[in-house]
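Have a look at the structure below, then the notes.
Start at 1 and go down the list; that is how both ligands and their atoms are numbered.
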Amino acid sequence: MTDVLLAIESTCDETAAAVIDRELHVRSSVVASQDDLHARFGGVVPEIASRAHVRRILPVIDEALRQADVQLADLAAVAVAVQPGLVGSLLVGLTAAKTLAAVLDVPLLGVDHIAAHIYACRMAAGRDVFPAIGFVVSGGHTNLYDCENAVEPRLIGSTIDDAVGEAFDKVAQLLGLPYPGGPSIERLARRGNPRAFSFPRAFLHDDRLDFSFSGLKTAVLYAVRGTPGGREPDSGRLRSRLALPEERLPDVAASFQEAAFDVLIAKCDLAIQQYRRQTLCVGGGVAANGRLRERLHELAADRGIELIIAPPSMCTDNAAMAGIAWELLDRGLIADLEIDVVPGLVRRSP
Ligand code: KG4
Ligand code: ZN
């Protein structure tokens, strides 16, 4: 039997484990989502997330091994996402991984969650895809990378405020849509006119590779609840009720989505030109969005570049994308038991 490794992912609010073989075949991939636990708060509550990871991590690992028909003794290595993410959540996965690696006496591999999001494209392609521009669009990140290879992505652009997925989640909350916001907005937007509202597109014509979504979010707030003049008469607080008829909400969703995607597409285009890459790899939860996928395909066709978008099941957080751990093992990048989590984004700026 070819070697297999166990990968563990607990960076945010998904508890996940996967078994991946050396040929990068995913033998099993189990994801326990915590969406139901965070829904009523409209976003991830870190303490609730880490407690849920503690309860779920062992059953999720067991299930991944069972589905792959693999015993602990068969594992050639244990991989775990160690950065970036919520500190308490990361620690649960790392502690489980360290324990298994120590007991089984196999290499421990510390995975960068963002590099893994990009690597999901490599796994989907079934062949080498580097060098490439890597683009990670998720609830925590809107990051562009120049990737000479799989394991050394160099950060070339990111958001200065909200991540694009975070903007989807906040706008969804404003429109009274269920959490997580991305899929809800996408569904509503299908019935709307993307040109009905002209929302701001920050840095669109700028030659920086940065993003900003807080102005867009505020513009949606004003469109929906009225401008600051539209305050509650008694408290003076911003109107909490809709100032807009309910039937206009699909137009708001479609116009918001298109404004956000105009910027994502423009910056991908700029990155490809500035770094002269022929391949664009896109991953992260927002890349599950059908409209974004369509716009990326249009861009790739216009520019004659190769586009690889992770399949939807590998866009949102999962452990299978940690197949990148085989690359770490091949390069001798083995972690010792002293390795710690790194909650913040690790910048590999020029
Ligand atoms: O990659 P991910 O699972 O977790 C992070 O690392 O953040 O991404 C989750 C984010 C959430 O903000 C969610 O609203 C967004 O991805 N998302 C979407 C869609 N599906 C998930 N955004 C837009 N359209 C979607 N279909
Ligand atoms: Zn992620």
Side-chain angles (χ1 to χ4, degrees), residues 7-16 18 29 31-35 38-39 41-44 46 49 53 80-86 89-90 93 111-121 134-143 145 153 158-159 162-175 177-190 192 194 211 213 216-217 253-254 256-261 263-265 282-296 309-322 324 343-346:
I8 297 171
E9 150 71 45
S10 67
T11 56
C12 188
D13 64 337
E14 263 90 29
T15 319
S29 177
V31 181
S33 162
Q34 300 179 9
D35 283 352
H38 303 285
F41 303 102
V44 177
H53 285 307
V80 59
V82 291
Q83 66 187 46
L86 301 170
S89 294
L90 285 162
V111 166
D112 179 322
H113 176 79
I114 304 290
H117 267 305
I118 298 170
Y119 201 74
C121 299
F135 192 30
V136 179
V137 277
S138 72
H141 306 284
T142 310
N143 295 353
Y145 292 88
S158 62
T159 178
D162 291 353
V164 62
E166 193 180 352
F168 269 84
D169 293 335
K170 287 177 178 168
V171 166
Q173 198 176 17
L174 195 69
L175 302 186
L177 302 174
Y179 175 84
S184 310
I185 297 233
E186 180 179 7
R187 265 193 305 277
L188 190 63
R190 283 195 206 115
F211 304 86
F213 293 103
L216 171 58
K217 190 183 62 189
F256 158 76
Q257 181 172 273
E258 211 61 10
F261 292 169
V263 184
L264 299 186
I265 295 296
V282 188
V286 182
N289 184 293
R291 178 65 185 145
L292 179 60
R293 297 172 86 90
E294 199 175 277
R295 299 266 329 247
L296 286 164
I309 316 177
S313 64
M314 281 180 95
C315 282
T316 44
D317 286 348
N318 65 90
M321 63 192 189
I324 193 173
L345 179 65
V346 179

Best match, Ala310, Ala163, Pro84, Gly139: closest heavy atom to atom 10 (C) of ligand 1: Gly139
Angular separation of His117 NE2 and His113 NE2 about the Zn ion (ligand 2), given to 10°: 90°
Arg295 and Glu258, any side-chain heavy atoms less than 4.5 Å apart: yes
Closest heavy-atom pair and its distance - Gly139, Ala163: O-CB, 3.5 Å
Nearest-neighbour protein heavy atom for atom 23 (C) of ligand 1, which is reported as residue plus atom name and distance: Gly182 CA, 3.4 Å
Heavy-atom pair with the smallest gap, counting every atom of Arg293 and Ala287: NH1-O, 2.6 Å
For atom 21 (C) of ligand 1, the protein heavy atom that lies nearest, with its residue and separation: Gly285 O, 3.4 Å
For Gly165, the ligand 1 atoms whose distance to one of its heavy atoms is below 4.0 Å: 12 (O)
Proximal ligand 1 atoms for His117, defined as those under 4.0 Å from one of its heavy atoms: 1 (O), 6 (O)
Over all atoms of both residues, closest heavy-atom pair of Gly134 and Ile118: CA-CD1, 3.9 Å
Nearest neighbour in protein (non-hydrogen) for atom 26 (N) of ligand 1: Glu186 OE1, 2.8 Å
Atom 24 (N) of ligand 1: nearest protein contact (heavy atom, Å): Asn289 ND2, 3.0 Å
Residue selection (non-hydrogen contact nearest atom 3 (O) of ligand 1) among Val171, Asp317, Asp35: Asp317
Phe135 and Phe211 aromatic ring geometry - parallel, tilted or perpendicular at 30°/60° bounds: parallel
Test item: Asp35 and Asp13 side chains (from C-beta on) under 4.5 Å apart, heavy atoms: yes
Heavy atom of the protein closest to atom 13 (C) of ligand 1 (residue, atom name, distance): Asp169 OD1, 3.8 Å
Intermediate values then yes/no, side-chain contact (heavy atoms from CB on, under 4.5 Å), Val111 and Tyr119: CA-CA 11 Å; Val111 166; Tyr119 201 74; over 6 Å; no
Numbered atoms and elements of ligand 1 in range of His113, under 4.0 angstrom, heavy atoms: 6 (O)
Chi angles and distances behind the side-chain contact (heavy atoms from CB on, under 4.5 Å) call for Leu90, His113: CA-CA 10 Å; Leu90 285 162; His113 176 79; over 6 Å; no
Atom name of the N, O or S atom in Asp317 that lies nearest to the Zn ion (ligand 2): OD1
Per-atom contacts, ligand 1 versus Cys315 - under 4.0 Å to a heavy atom: 1 (O)
Donor-acceptor contact below 3.5 Å, side chain His53 vs main chain Cys12: yes
Part of His141 within contact of ligand 1 (heavy atoms, under 4.0 Å): neither
Least distance between heavy atoms, Ser158 atom then Asn143 atom: CB-OD1, 3.3 Å
Atom indices of ligand 1 within 4.0 angstrom of Gly140 heavy atoms, with elements: 7 (O)
